[in-house]
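When reading the values below, keep in mind they use all heavy atoms of this one structure, side chains included, and skip hydrogens, waters and symmetry mates. Note that this is a predicted model, so its numbers are computed, not measured. Letters go in sequence order (proteins before strands), and every chain restarts at 1.
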Amino acid sequence: LGYPGADQHPADEPAWVTVATTRPETYLADTAVAINPHDPRAISLRGLSVKLPLVGRVIPIVEDSYVVLPEAMARNEEEKNDPKAKFATGFLKVTPGHDKNDWELGQRHKLPVINMMSPDGNVSDKHGWTDVGSAHLFVGLSMMDARKKVVAEFKSHGLLESVKPYRQSVTYSDRSKAQVEPYLSDQWYVRVTDPRMAASANAALVADQRTDQSPTRKQGSAHVEAGAPSTSEANGEEDAKGGRTPSLASASGSDGDGSMRFHPDRYAKTFEQWHDNIRDWCISRQLWWGHRIPVWSCELEFEEGGYCADEHACGLASALTRAPNDRLNDSVNKLACVFSTPIDRWQPLLWSPGMETMPEDGKHIVYICLLTDDPSDWCDEIGCPYDVREDLAKNNFVQDPDVLDTWFSSALWPLSTMGWPAPTEETKGLLEAFNPSSTLCTAREIITLWVSRMTMFNRYFTASSGDTPSGLADSATSPACGGGGGVVPFRDVFIHAVIQDGEGQKMSKSLGNGVDPIDIIQTHGSDAMRFTLCTMSTHTQDVKLQVDLICPHTGEVFAPKMVTNKDGYRVPAVIQDSPKDKSKKMVTAYGVASGEVKASAEMPLARNTSSKFDMGRNFANKLWNASRFAVSILEKSKQAETPDTHAGWAAHTDSEDGPDEAAQASWKDVSVVDRWMVSRLATATKEMTRALDEFQFSAYAQTLYDVIWRDFCDWYLEAIKPTVASDARQRTVLWNAMGTLLRLAHPVMPFITEVIYERLKELRMGAGELPWIGLGAPMHQGKATKEGLLCHAGWPQVSSDAVSPEAEAAFARVQALVTAIREVRAQQNVQPKRKVTLNFPASIAAFVTLNQTLVGTLAGIDVFSQGDPKDEGVAFAFEGLQLRVTNLADAVDAGAERARLTKQVADLEKSAATFEGRLANPGYADRAPPAMVQQTRDQLAKVMKDLGAAREALAKLG
RNA sequence: GGGCGCGUAGUUCAGUUGGCUAGAACGCGGCUGUCACAUAGCCGAGGUCACAGGUUCGAGUCCUGUCGCGCCCACCA
């Protein structure tokens, strides 16, 4: 667009500037044309003006480095590569009323601001634009129509230089789909750039989660320099806290600066960076619902000497200002705050003659912010009860029509839910007890929306009163401080992953790919759901969850047929067949959400679930069955047991002296599998405790799963079957093991464990808890009782000697032998019920004899025979020795055996090569830790022995 | 535009200061109606840890780059 010059050019050429724009219609509100000071044309245009066509407004040419230089004038690569440079003319039309960048540029050059638009988005001369000139033809048009007409008019006047295609992003309202037009309006803001807000929030982070920051680019840097004494290097942590002044006693405790931690760590950065770049927070929202902003306003006229023309209104405002006993600085009892324009600073309204800010026309807008509108709060003011709002309305005060941003109210949550600011009988003491709370668990996007605001507000409002005299204190008059003090709202913030659908798409209503927990509980149970979710709760950002359907006809869960919809999303086809009966149909949530189909009696809606939760369901089922089995064993022996027949294991007394010697002595010769189980429980408890402490929920769940299913069910319960009926000590270990497992599982599976516990606690074995073996956590608040719930029971505590590397190693040998035998049996198709014979060499006779019962039970051996009946049965390698399984019933399948051994030899050769290669590396022995080198040598030796045995067996097969 | 995350078995994912002969679940193949559990048990197959460099005695793990996928915030990082 061409703008003709308004003044004569010095060289007698008409001034003429060409601006490039994507929004020509906004020229009606232009108040300047800008040029880059480095533009060579700038000098000759300095001080000149141009005249807007039709409007006739004369506007200045200003210089501002914001203006992009045209490609031809670019001074460096960066400027040249600016995509705008290609289109730039070097002149920028400046429309402060309808563009954010132009607004800021306008502020720099003190340009007037014109609003040419009505709130409904049409060109208007009724909302601040008055110098319409000959531009009437645009008034009333929509912005889009005005755009076309402006271009047409410029063209007809010969002012249109050219039209070029240009690609840019444009914002649209999500709800109305209308294009968003920048528009000036009055809004309320919270000055979160105050160091007591944003900087204080960052100071709340624990020291190791604060990043190194250069003070020059920090918002609160001025305060750091002004308010805080420089700190020594040794005291670097104090420095990182943002220079808190020593007077802030309230923040000196453990819940002030440096006491809030994010999990995982990386989210501290999100939190911190957001505050580093925060801007004042607009809290006005144009919605019909919500907390209405409690500010009333009225334009009042003042006469000479500050005398107010409207006595009633001024009197009211004055009365509120003067609140009883001049409570202006008493934040506790203050009922209202009164202030007036200009609101560049929050200030009390000045009434007295000589008012400094008296505007020329004598008109002030007076604002009254009610800190409470409860009539009973106004008792000692002007009668009781007194509805101040009525009085305000009568005196032409109008309440702001906007409501508070919901996050404003939410930010007060840790305070307001605990009775703040005025505790009632019911809420008394809550704030002290639960602020800070321990852990906030939330999603990523909430870090900025909610976590940040809670932290800022909580710290601000809990700061000592000397620091913040009132919620409306003017920061400019407050003592400088870096942190602002106050306590954090919570000590830990756990940011969990977000569940996406099976295609990696976000779950949403419109895609119908969300899964309702209630539906999962219906298909899988709540314990199963909770456990599975816990397993998925890793420290990654997102997790995929396969979304399946529940057939409304049969209740089956199945994977739906997927299609790609018109927007490119993978969605379930809107109509699905019942998996077993194709004649029965159903509609999907996506089908309904997209409006393509409707549910009916013939085609009901298939609800979503996920087969992912099968894992939790199976696990719960496993725990249930194992418990039933254990309980039945204990019940049987309980019936036969009298209190003093608990032979061999002295009962634990609750004496302070700890376990008696007899008990400890009898513990020493407990069977390998019992000792192993205790050790495994102790190890698992340690791992799980640590995992929970570190918010590693997935690790916790996985360890629980393994110790219950793999160790307890697969090995322990199988191993004790033949002996438990006659071994009272084993039953005690079993009872303790069950109790420990239930306590470990309770947080994720509260219902099933509670039910099992109810029966288990009735079966308390004579010896009860065995604290001296490491399973001694209080079964119920210090001692086992028949009363009480598992949820009251103590968390298992592990004594250091509960873990036995010897027992774990010993049982690992048993497991290795059993597995080797099982492998031979499977390979030879030996019937599971059939008992076979194990032939072993003399060198491991002691080991075999000691564990004969265990191995016999777990591997199906009935005869143990020393020696090697050559050519019979099948040979296999164990610890480098050759053992043999015989009495396999059928003829040995030599082919299967050869295949097995060949594979084994290949695997062992591969391992051997790895270790040999490592040891052959000259640097390895020199530089790796000696223990590491020795370990590799041992591993190689073992592999070589096994390899020898396997080769020998293979050779014998021929 | 900025920030962050992820690419490891057919699939979904673990793998915490580098020590791994890379694990689990589901799925797959074989055997089993067995007395806690078939929502189960036993056995097995299946992986150049996205790609390319680098550091190191040693890299799934640390660094740099490339290529994919995704999330969050957006005139400001």
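Applying the 4.0 Å criterion to OP1 and OP2 of B:C35, one finds that A:Arg628 has every side-chain N and O outside that range. Dashed line: the shortest gap from a side-chain N or O of A:Lys612 to OP1 or OP2 of B:C13 is not under 4.0 Å. For A:Lys833, no side-chain nitrogen or oxygen approaches OP1 or OP2 of B:C35 to under 4.0 Å. Remark: A:Asn625 is not in phosphate contact with B:A40, judged by side-chain N or O atoms under 4.0 Å from OP1 or OP2. In terms of phosphate contacts, A:Ser698 brings no side-chain nitrogen or oxygen within less than 4.0 Å of OP1 or OP2 of B:G15. When the side-chain nitrogen and oxygen atoms of A:Trp709 are compared with OP1 and OP2 of B:G41, one or more of them lie within a distance under 4.0 Å.
If you check B:G41, B:C71, B:U12 against the side chain of A:Lys506, the one that comes closest is B:C71. Distances from the side chain of A:Gln273 to the nucleotides B:G3, B:A36, B:G46 place B:G3 closest. For A:Glu445, counting side-chain heavy atoms from C-beta on, the closest listed nucleotide (B:A24, B:C72, B:C43) is B:C72. Relative to the side chain of A:Met932, the nucleotides B:C71, B:G19, B:G41 differ in distance, and B:G19 lies closest. Taking the side chain of A:Asn618 as heavy atoms from C-beta on, and the options B:A40, B:C57, B:C13, the nearest nucleotide is B:A40. Here the nucleotide nearest the side chain of A:Arg444, chosen from B:C71, B:A14, B:U16, is B:C71. Candidate nucleotides B:G44, B:A25, B:C6 were compared by shortest atom distance to the side chain of A:Thr540, and B:C6 ranks first.
Residue-level contact check: A:Lys622 touches the bases, meaning some heavy atom is under 4.0 Å from a base atom. A:Asp706 comes within contact range of no nucleotide atom at all, as no heavy-atom separation falls under 4.0 Å. When heavy atoms are screened at a 4.0 angstrom cut-off, A:Arg900 is found touching no nucleic acid atom at all. Heavy atoms of A:Asn921 sit under 4.0 angstrom from primed sugar atoms or phosphate atoms, though from no base atom. Using a 4.0 Å heavy-atom criterion, one finds that A:Phe915 contacts the bases of the nucleic acid, with or without backbone contacts as well. Within 4.0 Å of A:Gln500, counting heavy atoms only, lie sugar-phosphate atoms of the nucleic acid but no base atom. Among the atoms of the strands shown, only primed sugar atoms or phosphate atoms (P, OP1, OP2) are found under 4.0 Å from some heavy atom of A:Thr819. Residue contacts for A:Lys721: at a heavy-atom cut-off of 4.0 Å it reaches a base atom on one of the strands shown. Within the nucleic acid shown, A:Met615 comes within 4.0 Å of sugar-phosphate atoms alone, with no base atom in reach, counting heavy atoms only. When heavy atoms are screened at a 4.0 angstrom cut-off, A:Thr538 is found touching the sugar-phosphate backbone but no base atom. Using a 4.0 Å heavy-atom distance criterion, A:Gln939 is classed as a base contact. Within the 4.0 angstrom heavy-atom criterion, no nucleotide atom of any strand lies near A:Pro922.
A:Thr857 approaches A:Glu718 most closely through the heavy-atom pair CG2-O, 3.5 Å.
Within 3.5 Å, no donor on the side chain of A:Arg266 pairs with an acceptor on the base of B:C4, nor the reverse. At a cut-off of 3.5 angstrom, counting only N and O atoms as typed in the model, there is a donor on one side and an acceptor on the other between the side-chain of A:Gln696 and the base of B:U16.
Note on ring orientation: taking the six-membered ring where Trp is involved, the planes of A:Phe697 and A:Phe494 are perpendicular (angle over 60°, cut-offs 30° and 60°). Aromatic ring orientation, A:His98 versus A:Tyr183: tilted (interplanar angle from 30° to 60°). Classified by interplanar angle (parallel below 30°, tilted 30° to 60°, perpendicular above 60°), the ring pair A:Trp709/A:Phe619 is parallel.
A:His496 and A:Ser537 form no side-chain donor-acceptor contact under 3.5 Å, judged by distance and modelled atom types alone. Side-chain contact of A:Asp893 with A:Gln827: a donor-acceptor pair under 3.5 Å is absent, judged by distance alone.
Cation-pi geometry between A:Lys942 and A:Phe915 is not met at under 6.0 angstrom from the ring centre and within 45 degrees of the axis.
When the P atom is used for both B:G29 and B:C35, the distance is 25 Å, rounded to whole Å.
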